[in-house]
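The first residue of the sequence shown is numbered 1, and numbering continues consecutively from there.
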Amino acid sequence: MKTLRQAKVGQTVTVKRLHGEGAIKRRIMDMGLTKGVTVQLRKVAPLGDPMEFSVRGYELSLRKADAELVEID
């Protein structure tokens, strides 16, 4: 299983599935990360956390722990 946390800078991937339960999963979905959406990793902070993604025309910053819950193709 490959997750959003494992994506490389500049890489464009597709969300395959969301893991997690309840409020955490709902929060990720509210940020626009749903099944089938295309996501590009724009940059990673110097210490690796957070990660900045381009999703649905806007920039989204996610912690590594949250990115680990998003399975990608």
Side-chain angles (χ1 to χ4, degrees):
M1 177 181 85
K2 190 172 180 183
T3 64
L4 205 52
R5 182 177 179 179
Q6 298 164 328
K8 305 292 181 208
V9 174
Q11 184 179 10
T12 300
V13 297
T14 303
V15 175
K16 183 177 178 183
R17 182 175 175 210
L18 296 176
H19 297 275
E21 297 288 326
I24 296 170
K25 186 174 182 177
R26 179 88 240 161
R27 184 169 52 88
I28 291 171
M29 291 175 71
D30 287 344
M31 288 187 265
L33 292 173
T34 56
K35 183 178 179 181
V37 74
T38 302
V39 179
Q40 180 184 23
L41 178 57
R42 308 254 308 149
K43 57 186 168 183
V44 179
L47 296 177
D49 206 11
M51 304 170 80
E52 184 179 297
F53 298 94
S54 181
V55 182
R56 299 180 188 254
Y58 73 96
E59 306 305 316
L60 171 67
S61 292
L62 271 184
R63 292 177 288 186
K64 288 191 291 189
D66 292 338
E68 190 71 36
L69 299 173
V70 181
E71 186 177 337
I72 59 171
D73 278 336

Do Leu33 and Leu62 have side chains that get closer than 4.5 Å, going by heavy atoms?
yes
Indicate yes or no for a side-chain donor-acceptor contact from Asp73 to the backbone of Thr14 under 3.5 Å, with no hydrogens or angles considered.
no
Just wondering, more than 12 heavy atoms not from Glu59 lying within 6.0 Å of its CD?
yes
When rounded to the nearest 0.5 angstrom, what is the spacing between CD1 in Ile28 and CG in Leu60?
9.5 Å
Answer yes or no: does atom CZ of Arg17 have more than 12 heavy-atom neighbours from other residues, nucleotides or ligands under 6.0 Å?
no
Can you name the residues that form a salt bridge (charged side-chain N to carboxylate O under 4.0 Å, His left out) with Arg26, not counting sequence neighbours?
Asp30
With rounding to the nearest 0.5 angstrom, report the CD1 to OG1 distance, Ile72 to Thr12.
10.5 Å
side-chain contact (heavy atoms from CB on, under 4.5 Å) partner of His19, chosen from Met1, Lys25, Glu68
Met1
Distance from Gln40 atom CD to Glu52 atom CD, nearest 0.5 Å?
10.5 Å
With a 4.5 Å limit on heavy-atom distance, are the side chains of Thr34 and Arg56 in contact?
yes
Interatomic spacing from CD in Glu71 to NZ in Lys2 - rounded to 0.5 Å:
11.5 Å
Of all heavy-atom pairs between Met29 and Leu18, which one has the smallest distance, and what is that distance?
CG-CD1, 3.2 Å
Contact summary for Met51 and Leu4, nearest pair of heavy atoms:
CE-O, 3.9 Å
Measure the CG-CZ distance between Leu69 and Arg63 for me, rounded to the nearest 0.5 Å.
10.0 Å
Reported NZ-to-OG distance for the pair Lys43 and Ser61, which is rounded to 0.5 angstrom:
8.0 Å
